[in-house]
Amino acid sequence: MADDIGVRRRIETGELNALNALNPYLQGLYEPVARETTALELPVIGKIPSDLHGAFLRNGPNPAVAPAGMHHWFDGDGMVHAVYFENGRAEYRNRWIRTADYVAERAGQGIGAGGVMLPSARARPDNRRGELVYKDTANTDLVFHNGSLMALWYIAGKPVRVDARTLETLGGESFGGALPRHVSAHGKVDPRTGEFCFFDYSLYEPWMTFGVVSADNRLTNFQKVELPGPRLPHDMGLTGNYIILHDLPVVFTDSGLRNSRWQIRIADQPARFGVVPRNGRGDQVRWFETDSCYIYHVINAWEDGDEVVMTACMMTPNGYPPNPGYGPYAAMVNVLALHAVPVEWRMNLRTGAVTKRQLDDRIGEFPVVNLDMTGVKTRWSYHVSMAPEELQRFDGLYKYDLGTGQAQTWRFSPGVGGSEPAFAPRIGATSEDDGYVIVFTTDPEGKSEVQVLAARDFEAGPIARIPLPVRVPAGFHGTWAPGDLMAAER
């Protein structure tokens with residue numbers, strides 16, 4: 001990898017040291033961008049629909065300073081990339097998320113917190129066992145709630161409010177000072193009530209929590225749930241009445257627990273899903289035991305008579321041997337080469353039974369649905385497809401029928417990498433898939449664009465392509481912010 005011309009240049013200019021020249025998540029499709037950009041007049045290939053109004057936003061890791069030591073992709077400073085659509089025009093912006101840790105570090109005030117691949121620091125001023133150990137970047141997810149975004153972190157950190165139109169960081173969010181601890185990535189907003197439902201977990205202690213925030217930003221419920229041991233969940237399910245918590249068999253090693261190090265293993269134990277009334281108590285969780293598995297991302301969940309239904313992408317082994325060309329990063333590359341298939345679980349609240357149905361055997365991940373259908377039965381979901389190679393690259397999109405497991409496919413051009421898409425209902429939409437699927441893509445030469453697909457004519461490809469003036473590195477999760485709701489809150 002060090003023979004790549006771009007990598008050699010970055011070593012010579014001091015942007016990369018020899019160690020990180022072996023790190024694929026600092027170059028190519030993943031290379032961080034160095035500046036914030038605003039572009040108000042974007043060219044368009046095709047035509048942007050006039051009934052597309054709002055913002056497509058995506059979060060991801062983007063180190064503000066070149067890492068000096070071992071660097072994990074998950075540790076980069078959060079950066080939001082956004083395209084705002086209105087009246088057939090589009091604007092682009094990108095901004096770093098100015099978390100408390102980001103601000104302190106840029107001001108030269110050491111925060112005493114390491115990353116996933118470095119020993120965690122106990123000298124951090126706000127550190128207590130089970131509290132923040134690693135640098136809090138808010139780099140993982142975005143949720144649109146109460147008229148603005150919340151940027152969230154996968155380890156469970158402090159939410160950061162961001163203006164959905166300008167991407168200005170508005171500040172840390174504690175829900176009027178009532179938040180007892182943290183919020184993990186992948187909380188959900190119920191579109192019918194406006195409530196934000198979330199979970200949190202302790203890295204090194206045997207409990208997790210769940211909470212509910214009202215549409216007007218008041219914390220209305222926060223509960224602790226005791227567990228058999230520390231757990232590392234990544235997502236949750238939400239229905240009209242219930243939150244679905246995950247107790248999964250990926251846990252810290254004994255050494256990791258003793259030394260507060262990110263050292264994980266797969267435990268010999270089943271998976272459990274905890275169904276609890278969203279306004280209930282922690283001791284009201286009803287656990288459903290099923291086959292051992294791990295889930296990064298839930299598709300959607302809903303209620304069907306006596307059953308609570310959850311669809312999600314279930315991890316499967318990728319089968320890749322370690323590649324010595326990545327040096328000390330070989331293990332990281334293998335873990336990040338996600339392989340998952342869509343699965344449906346049904347939990348019967350009357351009988352206690354669990355049934356499992358695999359919907360398809362194609363490899364995909366990063367699922368999204370029409371957010372207006374969160375918590376109710378959906379037919380359609382949109383996933384990235386995974387290129388058949390060891391380094392994670394999203395080479396296209398699937399549109400799944402969750403009833404039949406059939407999928408429509410749109411493949412990007414050869415070598416192009418995409419990101420998690422978003423579904424944008426068109427103005428006046430009359431059905432679940434009446435709208436557009438929007439995605440960032442980047443080609444091997446570093447040219448990025450936004451593709452807009454008509455969801456009902458998915459395999460026809462983009463109806464609009466919008467070349468961007470800067471590269472958008474591969475990243476994590478995003479959302480759609482409706483233009484009328486943004487305007488109503490400004």
Side-chain angles (χ1 to χ4, degrees), residues 32-33 36-38 54-64 73-84 92-106 111 113 115-116 126 132 134-176 179 181-189 196-201 211 213 217 219 234-236 296-297 366 368 371 374 419-420 422 440 472-482 485-486 489-490:
V33 295
E36 298 177 329
T37 299
T38 299
F56 168 49
L57 310 110
R58 203 220 65 205
N59 201 350
N62 193 96
W73 185 37
F74 289 180
D75 291 335
D77 298 287
M79 175 177 275
V80 179
H81 299 262
V83 175
Y84 177 78
Y92 168 81
R93 292 173 177 81
N94 69 319
R95 296 291 187 273
W96 272 288
I97 302 167
R98 286 156 170 79
T99 66
D101 283 353
Y102 173 93
V103 172
E105 193 169 62
R106 296 309 296 269
I111 60 174
V116 169
D126 63 349
L132 290 177
Y134 304 99
K135 180 183 176 183
D136 188 349
T137 61
N139 71 11
T140 310
D141 204 359
L142 294 170
V143 175
F144 185 73
H145 170 258
N146 192 234
S148 66
L149 301 170
M150 278 189 289
L152 305 172
W153 187 41
Y154 74 105
I155 294 181
K158 298 178 179 179
V160 179
R161 284 283 179 182
V162 175
D163 186 294
R165 184 71 170 84
T166 67
L167 304 190
E168 174 190 0
T169 296
L170 304 176
E173 177 60 87
S174 63
F175 312 121
L179 180 65
R181 194 174 177 275
H182 301 148
V183 172
S184 185
H186 306 316
K188 319 287 183 188
V189 174
F196 171 60
C197 302
F198 66 93
F199 72 103
D200 174 27
Y201 59 98
V213 178
N217 218 40
L219 184 71
H234 191 76
D235 204 346
M236 57 170 271
Y296 276 108
H297 302 121
F366 286 69
V368 299
L371 293 176
T374 300
S419 65
E420 178 182 274
F440 286 115
V472 178
F476 296 149
H477 301 281
T479 195
W480 172 255
L485 298 183
M486 293 164 61
E489 297 292 336
R490 287 179 62 82

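Index from 1, following the sequence.
Among all heavy-atom pairs drawn from Val143 and Gly187, the shortest one is CG2-O, 3.8 Å. Considering every non-hydrogen atom in both Arg93 and Leu167, the closest pair reads O-CD1, 3.6 Å. Here the closest heavy-atom approach between residue Val162 and residue Ser148 is recorded as O-CB, 3.6 Å. A pairwise comparison of heavy atoms in Pro159 and Leu179 identifies CD-CD2, 4.0 Å as the closest pair. In this structure, Gly78 and Asn139 approach most closely via the heavy-atom pair CA-CB, 3.4 Å. Contact detail for Ala185 and Leu152: the closest heavy-atom pair is CA-CB, 3.8 Å.
Under the rule for a salt bridge (Lys or Arg N to Asp or Glu O under 4.0 Å), the partners of Asp77 that lie at least two apart in sequence or sit in another chain are Lys135. For Phe175, the ring-ring contact (aromatic ring centres under 6.0 Å, His included) criterion is met by no residue, not counting sequence neighbours. For Tyr92, there are no ring-ring contact (aromatic ring centres under 6.0 Å, His included) partners two or more places apart in sequence or in a different chain. Contacts of Glu168 classified as salt bridge (Lys or Arg N to Asp or Glu O under 4.0 Å), with partners at least two apart in sequence or in another chain: none. The ring-ring contact (aromatic ring centres under 6.0 Å, His included) check on Phe366 picks up His297, Phe394, His477, with sequence neighbours excluded. The salt bridge (Lys or Arg N to Asp or Glu O under 4.0 Å) search around Arg98 returns Glu36, not counting sequence neighbours.
For Phe476 and Trp153, the ring centers sit 6.0 Å or farther from each other.
Rounded to the nearest 0.5 Å, atoms CG (Asn146) and CG (Leu485) are 11.0 Å apart. Between the CE atom in Met236 and the SG atom in Cys197 there is a gap of 5.5 Å [rounded to 0.5 Å]. With values rounded to the nearest 0.5 angstrom, Leu149 atom CG is found 8.0 Å from Met486 atom CE. Interatomic distance, CZ of Arg161 versus CG of Leu170, reported as 8.5 Å (0.5 Å rounding). For the atom pair Arg95 CZ and Thr38 OG1, the distance stands at 3.5 Å (nearest 0.5 Å). Here the CG-CE distance, from Leu142 to Met150, works out to 10.5 Å after rounding to the nearest 0.5 Å.
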Pair Val189-Leu371, side-chain contact (heavy atoms from CB on, under 4.5 Å): steps then yes or no
CA-CA 8 Å; Val189 174; Leu371 293 176; over 6 Å; no
Evaluation steps, side-chain contact (heavy atoms from CB on, under 4.5 Å), between Phe440 and Val83:
CA-CA 10 Å; Phe440 286 115; Val83 175; 3.8 Å; yes
What do the steps show when you test Tyr102 against Ile97 for side-chain contact (heavy atoms from CB on, under 4.5 Å), and what is the final call?
CA-CA 8 Å; Tyr102 173 93; Ile97 302 167; over 6 Å; no
Output, in order, the C-alpha distance, side-chain angles, deciding distance and verdict of side-chain contact (heavy atoms from CB on, under 4.5 Å) for Thr137 and Asp75.
CA-CA 7 Å; Thr137 61; Asp75 291 335; 5.9 Å; no
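In this structure, Lys188 does not pair ionically with Asp141, as no charged nitrogen and carboxylate oxygen lie closer than 4.0 Å.
Both the sub-6.0 Å distance and the 45° axial angle are satisfied by Arg165 relative to the ring of Tyr84.
Counting heavy atoms from C-beta on, the side chains of Pro473 and His81 come closer than 4.5 Å. Taking the side chain as every heavy atom from C-beta outward, Leu219 and Val213 approach each other to under 4.5 Å. For the pair Thr99 and Lys158, the minimum side-chain heavy-atom distance is 4.5 Å or more.
Considering Phe199, Tyr201, Tyr296, Phe74 in turn, Tyr296 is the only one that fulfils the ring pair (Phe, Tyr, Trp, His ring centres under 6.0 Å) rule with His234.
One N or O on the side chain of His182 and one on the backbone of Ala156 form a donor-acceptor pair closer than 3.5 Å. Distance alone, capped at 3.5 Å, is enough to place a donor-acceptor pair between the Asp101 side chain and the Asp136 backbone.
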